[in-house]
Amino acid sequence: MSSRNTQFYICKCFTTENIFLEEYKLHVSFVSEQQFRRDYGALLRSLGCVTEHQFEEVLKEISQEVGRRQCLGVTSAERAAAIKEEYQPLHPHVYQLQESYLAPKFLQMVESCGSKDSSEGLTDLIEEEAARVYRFPMFEKSFCVDLVEELEHFERSSTPKGRPNSMNHYGILLDELGFDKGLITPLRERYLHPLTSVLYPDCGGRCLDSHKAFIVKYDMKEDLDLSYHYDNAEVTLNVSLGKDFTDGNLYFGDMKQVPLNETECSEVEHRVTEGLLHRGQQMHGALPISSGQRWNLIIWMRASQERNQLCPMCSRRPTLVEGVGFADGFTKETHTPANTCVLT
């Protein structure tokens with residue numbers, strides 16, 4: 001679905017909802033200190049936040065995260081401008097999608113989506129590793145090597161860098177680095193959209209019109225794992241790019257609406273060059289790596305006609321605030337009902 005000339009927005013809840021407290025592995029909402037103490041005081045005490053000093057440290061962490069989110073559009077645009085001006089790529093070719101980067105089986109899967117019996121044909125080619133979690137070869141190894149080398153080169157540069165989100169401390173926002181137009185957008189529109197249209201027609205898979213793409217990095221001296229969570233997306237692609245690592249499997253539960261005590265998680269190995277495709281609102285996490293270093297490409301794919309009705313983060317009709325670029329994928333446009341959405 002084309003997103004050209006579309007104005008995208010964020011939901012006002014971006015500055016109040018789903019704030020992650022790392023020490024307590026807890027997502028919280030924060031509107032005021034009074035509300036926060038009332039809603040989370042007892043729970044935080046049960047998790048070890050028992051002194052007033054500890055509580056003040058939590059409030060400080062929340063204040064810093066809210067401030068980051070409030071300034072994100074401006075600071076991200078400033079970083080992108082500085083990177084464009086100062087940074088010299090090591091491998092310029094990785095910024096432009098070429099079909100030779102893609103695994104032959106992946107191309108075969110995409111081609112099968114154009115057949116009359118696309119659902120049956122795709123099922124024969126793809127592995128379902130957990131409930132509606134699909135694994136497939138994604139990239140050629142040589143492309144993964146070059147891309148990781150480019151990302152490492154950027155990490156070593158003096159240009160400014162932003163963190164992908166509140167849960168990942170080490171990683172790269174790919175739109176700031178200039179990957180969106182030449183690599184990520186054509187990958188979503190030409191190759192991923194046919195797959196999601198067949199696999200996830202009930203949750204926006206046929207109507208994807210924006211994305212947020214970023215790299216997360218796991219290292220023995222940095223982030224080791226990722227806590228249980230859901231994504232701000234209708235459909236998520238997670239590709240393991242490298243390098244060498246052990247353990248660090250992903251695990252998937254049920255959708256976010258299902259209570260944790262009613263959920264059984266399935267563990268899924270994540271192998272280099274392979275992609276995992278899943279619903280954004282499906283709960284999941286990453287177990288710790290035990291050695292080495294892992295780089296993952298994450299693409300949160302969004303369907304405005306789905307999220308315009310209900311924000312996936314606050315579960316209310318979104319209150320729109322202007323954003324930069326694809327923002328959080330909301331629009332003011334009137335769309336046809338979801339079950340009539342077609343590829344364009």
Side-chain angles (χ1 to χ4, degrees), residues 79-80 82-84 86-107 135-165 167-188 191-192 211-226 231 236-250 268-277 286-301:
R79 285 193 299 265
I83 291 167
K84 186 176 181 179
E86 302 169 17
Y87 178 66
Q88 296 296 319
L90 177 66
H91 295 309
H93 66 274
V94 299
Y95 290 78
Q96 300 294 322
L97 181 63
Q98 299 178 33
E99 201 159 273
S100 60
Y101 300 164
L102 303 174
K105 186 175 180 180
F106 175 71
L107 294 173
R135 181 217 299 279
F136 48 88
M138 181 77 207
F139 293 126
E140 292 289 344
K141 182 65 180 295
S142 58
F143 172 73
C144 292
V145 170
D146 285 354
L147 180 55
V148 171
E149 287 181 358
E150 177 64 34
L151 299 170
E152 290 177 318
H153 180 65
F154 174 68
E155 271 203 329
R156 292 191 295 267
S157 74
S158 60
T159 47
K161 301 165 183 70
R163 60 193 291 199
N165 53 66
M167 296 184 72
N168 298 109
H169 299 89
Y170 301 92
I172 296 167
L173 290 160
L174 292 180
D175 63 326
E176 293 183 2
L177 191 47
F179 276 96
D180 256 11
K181 184 177 180 180
L183 183 75
I184 304 299
T185 295
L187 180 64
R188 170 174 59 82
Y191 299 97
L192 295 172
H211 61 261
K212 176 179 178 179
F214 54 94
I215 299 294
V216 294
K217 178 186 171 188
Y218 300 92
D219 187 278
M220 296 306 295
K221 297 180 180 179
E222 299 173 347
D223 287 339
L224 292 176
D225 57 8
L226 187 61
D231 299 336
T236 294
L237 174 70
N238 184 334
V239 184
S240 179
L241 300 174
K243 301 165 65 174
D244 294 319
F245 58 90
T246 53
D247 297 323
N249 287 350
L250 305 189
V268 178
E269 183 182 3
H270 207 7
R271 300 190 284 254
V272 174
T273 74
E274 293 187 345
L276 290 171
L277 202 61
L287 296 170
I289 61 170
S290 57
S291 69
Q293 187 181 89
R294 183 171 77 182
W295 296 72
N296 285 52
L297 165 64
I298 312 294
I299 307 179
W300 287 351
M301 294 179 281

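Two residues are said to be in side-chain contact when any heavy atoms from C-beta on lie closer than 4.5 Å; L102 and L187 meet this criterion. You'll find the side chain of T246 stays beyond 4.5 Å of the side chain of I289, heavy atoms only. Using a 4.5 Å heavy-atom cutoff, the side chains of R271 and R135 are in contact. Residues F245 and H270 are not in side-chain contact: their nearest non-hydrogen atoms beyond the backbone lie 4.5 Å or more apart. Put simply, the side chain of D247 does not reach to within 4.5 Å of the side chain of L287, judged on heavy atoms. Between E150 and P89 there is a side-chain heavy-atom pair separated by less than 4.5 Å. Using a 4.5 Å cut-off on side-chain heavy atoms (C-beta onward), L147 and F179 make contact. By the 4.5 Å heavy-atom criterion applied to side chains, L174 and I298 are not counted as neighbours.
The cationic group of K161 lies under 6.0 Å from the six-membered ring centre of F154 and within 45° of the ring axis, placing it in a cation-pi geometry.
In plain terms, the two heavy atoms of P160 and R79 that are nearest each other are CB-CG, 3.8 Å. Heavy-atom minimum distance, K243 versus V272: O-CG2, 3.8 Å. Looking at every heavy atom in both residues, Y95 comes nearest to L177 through CE2-O, 3.3 Å. Summarising the geometry of K181 relative to P186, their closest heavy-atom pair is O-CD, 3.2 Å, with the distance given to 0.1 Å. Contact record, R294 with G248: NH1-O, 2.5 Å, taken as the closest heavy-atom pair. Contact detail for E149 and H91: the closest heavy-atom pair is OE1-NE2, 2.7 Å.
Between atom CG of residue L250 and atom CD of residue E269 there is a gap of 10.0 Å, rounded to the nearest 0.5 Å. Taking NZ of K141 as the reference point, atom CG of L241 lies at 11.0 Å (rounded to 0.5 Å). From M138, atom CE reaches atom OH of Y191 across 10.0 Å, with rounding to the nearest 0.5 Å. Here CG of L237 is found 12.5 Å from CZ of R188. Values are rounded to the nearest 0.5 Å. Here L192 contributes atom CG and M301 contributes atom CE; the two are 5.0 Å apart, rounded to the nearest 0.5 Å. Once rounded to the nearest 0.5 Å, the distance linking CZ of R163 with CD1 of I172 reads 14.5 Å.
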Practice task
Kindly determine whether D146 and Y101 satisfy side-chain contact (heavy atoms from CB on, under 4.5 Å), including the steps that lead there.
Solution key: CA-CA 10 Å; D146 285 354; Y101 300 164; over 6 Å; no

Practice task
Kindly indicate, with the supporting measurements, whether the criterion side-chain contact (heavy atoms from CB on, under 4.5 Å) is fulfilled by F106 and T273.
Solution key: CA-CA 11 Å; F106 175 71; T273 74; over 6 Å; no

Handout entry: CA sep, side-chain torsions, deciding dist, call: T185, D175, side-chain contact (heavy atoms from CB on, under 4.5 Å)
Key = CA-CA 10 Å; T185 295; D175 63 326; over 6 Å; no

Practice task
Apply side-chain contact (heavy atoms from CB on, under 4.5 Å) to F139 and L297, showing your working.
Solution key: CA-CA 11 Å; F139 293 126; L297 165 64; 3.9 Å; yes

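Remark: side-chain polar atoms of K212 are paired, donor with acceptor, to backbone N or O of P164 under 3.5 angstrom. At distances below 3.5 Å, not a single donor-acceptor pair connects side-chain atoms of T159 with backbone N or O atoms of I83.
Using modelled atom types, one finds a donor on one side chain and an acceptor on the other under 3.5 Å when comparing Q293 with D219.
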